[in-house]
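Data block below; observations after.
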Amino acid sequence: MIDLRLLREDPDRVRASQRARGEDVALVDALLSADERRRSSGSRFDELRNEQKLIGNRIRSAQGDEKAELLKRASTLAAEAKAAGAEQSEAAEEAKRLQGLFANLLHPDAPVGGEEDFVTLEHVGTPRDFAAEDFEPRDHVELGRILGAIDIERAAKVSGSRFYYLTGIGALLELALVNMAIAQAVEAGFTPMLTPALVKPRAMEGTGFLGQAAENVFRLEEDDFYLVGTSEVPLAAYHMDEIIDADRLPLRYAGFSPCVRREAGTYGKDTRGIIRVHQFDKVEMFVFTTPEEAEAEHQRLLQWEKDFLDKLELAYRVIDVASGDLGSSATRKFDIEAWIPTQGKYRELTSASNCTEYQSRRLDIRMRGEGGNRPLATLNGTLCAVPRTIVAILETHQQADGSVLVPEALRPYLGGRSVLEPVGK
RNA sequence: GGAGAGGUGUCUGAGUGGUCGAAAGAGCACGCCUGGAAAGUGUGUAUACUUCAAAAGGGUAUCGAGGGUUCGAAUCCCUCCCUCUCCGCCA
């Protein structure tokens with residue numbers, strides 16, 4: 001949700017942001033007038049109620065004719081106040097609805113444009129040169145089969161396309177990655193959290209996933225639940241309706257949960273393998289902090305993401321995502337894309353978003369400090385989205401015989417194993 | 001799934017039609033007291049809106065949510081939600 005005060009004071013700034021995102025600019029004037037209607041009908045209601053209360057008090061002690069007179073007047077006032085109240089709540093509802101349609105205000109440094117207009121901030125590591133090593137790399141599907149780690153065929157039988165089983169060493173690999181991620185997060189001061197995967201509409205809406213992203217959200221219609229596409233949702237909503245003492249901030253949580261996504265509109269995209277699946281597990285970092293600290297925290301999240309990928313000895317680049325590809329909650333977003341050898345390109349592995357006060361306004365989360373209560377900032381960043389991380393590891397660290405070297409930092413989490421060996425069928 | 005109990009401010013907990021944004025206690029903050037602390041003592045301590053106001057302050061709303069009765073609702077009625085206890089079932 002955007003700041004109404006800012007909208008009133010500087011509507012042009014909001015217009016510019018909407019424009020850069022490719023969102024509806026006319027929304028600005030619609031909200032301005034709805035807000036005005038809300039305030040004028042509100043003050044009318046307040047006045048009527050005030051008068052009604054004053055008369056009501058006099059009725060208690062009044063007698064005879066005077067009392068009858070007052071009762072008559074109070075009756076009229078009651079009806080008027082009720083009507084005014086109805087108008088006020090209707091206007092307030094409309095203003096709220098419009099306010100909810102806005103995307104977050106764009107960060108001034110975020111690149112403007114569509115998906116292709118991102119800015120590359122840095123490259124880390126060098127993509128492995130298989131040609132120089134004189135062997136043709138296998139893709140992760142093939143490696144997963146050879147290692148007995150990934151079974152896509154049987155998943156298709158059981159659940160359809162875009163599903164997979166992690167089997168044997170594949171399952172162990174996930175658990176190792178998750179444990180390593182959680183260990184790093186705990187080391188950095190995060191509180192580990194296992195979160196619900198089903199949430200009520202309010203949580204989903206408050207996190208900003210029912211806007212343009214709605215088509216990718218699974219819903220259990222019969223029970224009015226949504227399935228979360230990331231633990232960002234239950235983590236953000238964790239403090240819903242709360243006022244948090246400013247000196248408790250930052251609150252840093254590392255959530256682990258299944259993530260379920262419809263992946264609508266991606267037919268024919270990434271149909272092979274486990275790059276794009278309907279269900280996966282993920283360790284997600286989530287932070288509640290002051291608006292003043294948000295940008296610095298954004299950088300810290302990015303650094304923790306890099307630390308993790310560094311430990312996995314992957315080559316990657318960091319991009320500053322362009323305005324049109326941001327998602328409604330983020331003011332700015334940094335993605336890390338790892339090099340996937342058989343695709344010959346970088347693919348998104350993690351994503352760190354600064355949502356400023358956008359989510360906290362929607363979820364009614366505030367901080368209590370000097371200067372009164374005000375919304376706080378929320379940020380989120382992927383620490384480890386399992387399947388894509390597995391893809392990058394298998395493809396990057398494979399050897400000519402189909403085995404895969406385990407990055408050193410990961411070995412303790414795999415019982416000391418240093419190589420994943422092919423299994424006989 | 002069956003039966004029952006209950007939802008009041010940071011917490012405990014009073015309050016069954018008006019003077020109740022709400023007793024009392026605890027906690028917390030500040031002050032007094034003290035060599036320092038404890039005890040004691042005093043004051044303060046919800047949130048939101050506001051085309052009322054420079055500010056102090058004022059007005060309005062909120063006692064799980066929504067609706068109803070009434071001049072007037074925390075209090076009466078209806079619907080919904082949630083929590084707890086017992087029984088059953090179950091990873």
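To find a chain, count down the sequence lines: A is the first, B the second, and so on, and within it residues start at 1.
Side-chain contact, A:Arg15 with A:Gln18: no donor N or O sits under 3.5 Å from an acceptor N or O. For A:Gln399 and A:Ser403, the side-chain atoms include at least one donor-acceptor pair closer than 3.5 Å. A donor-acceptor contact closer than 3.5 angstrom links the side chains of A:Asn104 and A:Thr356. Under 3.5 Å, the side chains of A:Ser41 and A:Glu87 contain no donor-acceptor pair of N or O atoms. Side-chain contact of A:Gln398 with A:His140: a donor-acceptor pair under 3.5 Å is absent, judged by distance alone.
Between A:Arg300 and A:Glu293 there is a salt bridge, with a side-chain nitrogen of the basic residue lying less than 4.0 Å from a carboxylate oxygen of the acidic one.
Residue A:Arg368 places at least one side-chain N or O under 4.0 Å from the OP1 or OP2 atom of B:rU47. A sub-4.0 Å separation between OP1 or OP2 of B:rC71 and a side-chain N or O of A:Lys53 is absent. Contact check, A:Arg38 against B:rU51: no side-chain N or O comes under 4.0 Å of OP1 or OP2. One finds no side-chain N or O of A:Asn57 lying less than 4.0 angstrom from the OP1 or OP2 phosphate oxygen of B:rG18.
Map A:Arg366 and A:Ala78 each onto its nearest nucleotide of RNA chain B; the residue landing nearer the 5' end is A:Arg366.
B:rG44 and B:rC28 make up a base pair, with Watson-Crick or G-U wobble contacts both under 3.5 Å. Applying the Watson-Crick and G-U wobble criteria (two distances, each under 3.5 Å), B:rC33 pairs with nothing in any strand. Remark: B:rG1 base-pairs with B:rC87; criterion is Watson-Crick or G-U wobble with both hydrogen-bond distances under 3.5 Å. Both distances falling under 3.5 Å, in either a Watson-Crick or a G-U wobble arrangement, occur for no nucleotide opposite B:rU69. Remark: B:rC82 base-pairs with B:rG6; criterion is Watson-Crick or G-U wobble with both hydrogen-bond distances under 3.5 Å.
Contact annotation for A:Ile59: base contact, defined as any heavy-atom pair under 4.0 Å involving a base atom. Nucleic acid contact for A:Arg8: sugar-phosphate only, since backbone atoms but no base atoms lie under 4.0 Å from a heavy atom of the residue. Backbone-only engagement by A:Gln52 is indicated by non-hydrogen atom pairs under 4.0 Å involving sugar-phosphate atoms exclusively. Across all strands, A:Ile243 comes closer than 4.0 Å only to sugar-phosphate atoms, never to a base (heavy-atom distances). A:Ser40 comes within 4.0 angstrom of a base, heavy atoms only.
Taking atom P on both nucleotides, B:rC49 is separated from B:rA56 by 16 Å, rounded to a whole Å. Spacing of P atoms, B:rG1 relative to B:rC71, comes out at 42 Å, to the nearest Å. The separation of B:rG18 from B:rG67, taken at their C1' atoms, amounts to 23 Å, rounded to a whole angstrom. Distance check on atom C1': B:rC63 versus B:rA23 gives 14 Å, rounded to whole Å. Taking atom C1' on both nucleotides, B:rC52 is separated from B:rC28 by 34 Å, rounded to a whole Å. For the C1' atom pair drawn from B:rC20 and B:rC32, the interatomic distance equals 32 Å after rounding to whole Å. B:rA22 and B:rU45: their C1' atoms are spaced 15 Å apart (whole Å). Taking atom P in both B:rG57 and B:rA46, the straight-line distance is 13 Å, to the nearest Å.
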### Task
Check step by step if side-chain hydrogen bond (donor to acceptor under 3.5 Å, both in side chains) holds for A:Lys282 and A:Ser231.
CA-CA 8 Å; A:Lys282 176 160 65 74; A:Ser231 55; 5.0 Å; no

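Comparing B:rU47, B:rC52, B:rU60 against the side chain of A:Asn50 picks out B:rU60 as the nearest. Which of B:rU60, B:rU69, B:rG18 sits closest to the side chain of A:Arg60 comes down to B:rG18. Closest to the side chain of A:Ser75, from the set B:rC71, B:rC52, B:rA48, is B:rC71. Distance from the side chain of A:Lys82 is smallest for B:rU69 among the nucleotides B:rU69, B:rU50, B:rC71. Proximity note for A:Arg49 (side chain, C-beta onward) versus B:rA61, B:rU47, B:rC71: the nearest is B:rA61. Residue A:Leu71 has its side chain nearest to B:rC71 when only B:rA48, B:rC71, B:rC82 are considered. Considering only side-chain atoms of A:Ala74, the nucleotide from B:rC71, B:rU50, B:rU47 that sits closest is B:rC71.
Between A:Asp245 atom CG and B:rU10 atom C1' the separation is 9 Å, expressed in whole Å. Atom CZ in A:Arg39 sits about 10 Å away from atom C1' in B:rC49, given to the nearest Å. Rounded to whole Å, atom P of B:rU62 lies 11 Å from atom CD of A:Gln88. In this structure, CZ of A:Arg37 is placed 19 Å from P of B:rC49, rounded to the nearest angstrom. To the nearest angstrom, P of B:rG64 lies 18 Å from CE of A:Met240. A:Asp241 places its CG atom 13 Å from the P atom of B:rG9, with the value rounded to the nearest Å. Taking atom CG of residue A:Leu54 and atom P of nucleotide B:rG59, one finds them 9 Å apart after rounding to whole Å. Per the geometry, CZ belonging to A:Arg202 stands 12 Å off C1' belonging to B:rA65, to the nearest Å.
At most 12 non-hydrogen atoms from other residues, nucleotides or ligands lie less than 6.0 angstrom from OH of A:Tyr238.
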